[in-house]
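Atom set for the values below is all heavy atoms of this structure, side chains included, hydrogens, waters and symmetry mates excluded.
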Amino acid sequence: MSDFKIVERLQKMDVDIQRNQLKYHAKRVLISKEFTFDAAHHLHHYEGKCKNLHGHTYRVILGLSGYTDERGLIIDFGDIKEIWKRKIEIHLDHRYLNETLPPMNTTAENIVVWIYEKLTEALLDEGYNGARVEFIKLYETPTSYAEARREWMEVE
C-alpha cells in the first residue's frame with residue numbers, strides 16, 4: 001500500500017503561516033512557460049523546400065528569471081500567458097509571418113530574436129522590472145529549434 005494521506009485541515013493564512021514566511025529565499029530563480037502557434041511563411045534568397053509557402057506548428061519556450069516578491073513569485077504564470085497572448089501571439093498565430101513580422105527573412109533564427117525583443121519590451125511596459133528574459137527557444141519542427149539567450153542579446 002502507499003503512504004497516501006488525505007489532508008485533514010488546510011493551512012490558513014495568518015493562522016498557520018504568516019505573510020512574512022511566504023517568501024522563502026532571496027535568490028534569482030528561472031521559470032519557463034511554453035506555448036504553441038501555427039503559422040505560414042516562406043524564405044527568401046534560399047534554394048530548398050522552404051522557399052515555397054508552407055506552415056509549421058511552432059513551439060516556443062520562454063525562460064524568465066528574477067527575484068521573488070513577498071508571495072514567493074517572480075511573475076505569475078497567468079501573467080506570462082496574458083503578455084504572450086496580447087503582445088506577441090497576435091502577430092504569430094494563424095498568420096502569414098512574412099506579412100505580420102517586421103521586414104526580415106522569416107527564419108527561426110530571426111523570429112526567435114524578434115520574440116526575445118518583444119517579450120523584453122513587454123515586461124518593462126507591464127512593470128515587471130525585476131524579471132528578465134534569459135532565453136527563448138523556438139522549435140520550428142519537433143527536432144529543430146533556434147535559441148536566443150540574454151547574454152548573447154546584451155553583449156553582441
Side-chain angles (χ1 to χ4, degrees), residues 1-39 41 55-97 99-104 106-156:
M1 207 68 183
S2 71
D3 290 334
F4 180 77
K5 177 183 168 189
I6 296 175
V7 175
E8 295 177 19
R9 187 173 65 85
L10 286 179
Q11 195 177 63
K12 291 187 178 142
M13 175 63 79
D14 297 323
V15 174
D16 302 304
I17 186 168
Q18 302 304 308
R19 291 181 192 278
N20 65 354
Q21 293 176 296
L22 298 178
K23 182 179 172 117
Y24 178 71
H25 62 85
K27 296 178 173 38
R28 181 172 288 279
V29 178
L30 180 97
I31 59 173
S32 295
K33 184 101 175 112
E34 186 173 320
F35 300 97
T36 60
F37 64 93
D38 297 299
H41 76 134
H56 299 282
T57 295
Y58 290 89
R59 181 168 66 108
V60 63
I61 303 171
L62 313 178
L64 308 170
S65 79
Y67 296 96
T68 58
D69 63 15
E70 69 281 355
R71 303 167 298 168
L73 299 173
I74 296 168
I75 179 174
D76 189 277
F77 287 118
D79 293 345
I80 298 170
K81 182 179 179 180
E82 272 300 308
I83 291 170
W84 169 259
K85 291 208 164 287
R86 282 188 296 107
K87 304 280 185 147
I88 302 169
E89 184 186 63
I90 58 171
H91 302 283
L92 302 172
D93 193 38
H94 286 79
R95 302 291 185 163
Y96 171 44
L97 299 178
E99 186 176 81
T100 60
L101 293 179
M104 68 170 79
T106 54
T107 62
E109 296 90 335
N110 282 337
I111 298 168
V112 76
V113 170
W114 180 85
I115 293 171
Y116 179 96
E117 292 169 346
K118 290 296 277 186
L119 183 57
T120 298
E121 177 185 305
L123 289 173
L124 289 173
D125 290 349
E126 300 285 326
Y128 293 105
N129 298 336
R132 67 185 188 199
V133 181
E134 293 294 337
F135 72 86
I136 306 290
K137 280 188 180 182
L138 177 67
Y139 285 82
E140 192 172 84
T141 71
T143 60
S144 303
Y145 71 88
E147 184 171 354
R149 295 183 186 175
R150 181 183 53 81
E151 60 266 25
W152 302 335
M153 299 297 110
E154 291 181 359
V155 174
E156 300 177 311

Taking side chain as C-beta onward, heavy atoms only, is Leu22 less than 4.5 Å from Met13?
-> yes
Spacing of CG belonging to Asp93 relative to CH2 belonging to Trp84, to within rounding of 0.5 Å | 8.5 Å
Separation between CG of Asp125 and NZ of Lys118, rounded to the nearest 0.5 Å = 9.0 Å
Step through the shown structure and confirm whether more than 12 heavy atoms of other residues, nucleotides or ligands are within 6.0 Å of NZ on Lys81.
-> no
Separation of Ile136 CD1 from Glu117 CD (nearest 0.5 Å) | 11.0 Å
Residues in salt bridge (charged side-chain N to carboxylate O under 4.0 Å, His left out) contact with Arg95, at least two apart in sequence or another chain | none
Could you tell me whether the side chain of His41 reaches within less than 4.5 Å of the side chain of Leu101, counting heavy atoms only?
-> no
Leu73 vs Thr68 side-chain heavy atoms within contact, under 4.5 Å = no
Is there a side-chain contact between Tyr58 and Glu140, using heavy atoms and a 4.5 Å cut-off?
-> yes
Identified side chain to side chain contact (heavy atoms under 4.5 Å, CB included) counterpart of Tyr116 within the set Ile111, Leu138, Val133 | Val133
Interatomic distance, Leu123 atom CG to Ile80 atom CD1 [nearest 0.5 angstrom] = 8.0 Å
Report yes if some heavy atom in the side chain of Ile61 is under 4.5 Å from a heavy atom in the side chain of Tyr139; otherwise report no.
-> yes
Test item: Ile88 and Phe37 side chains (from C-beta on) under 4.5 Å apart, heavy atoms | no
Side-chain heavy-atom pair Leu30, Leu64 within 4.5 angstrom cut-off = no
Output the distance between atom CE (Met153) and atom CZ (Arg132), rounded to the nearest 0.5 Å.
-> 14.5 Å
Heavy atoms, side chains only, cut-off 4.5 Å: are Met104 and Trp114 in contact?
-> yes
Polar side-chain atom of Asn110 near backbone of Thr106 as donor-acceptor pair, under 3.5 Å = no
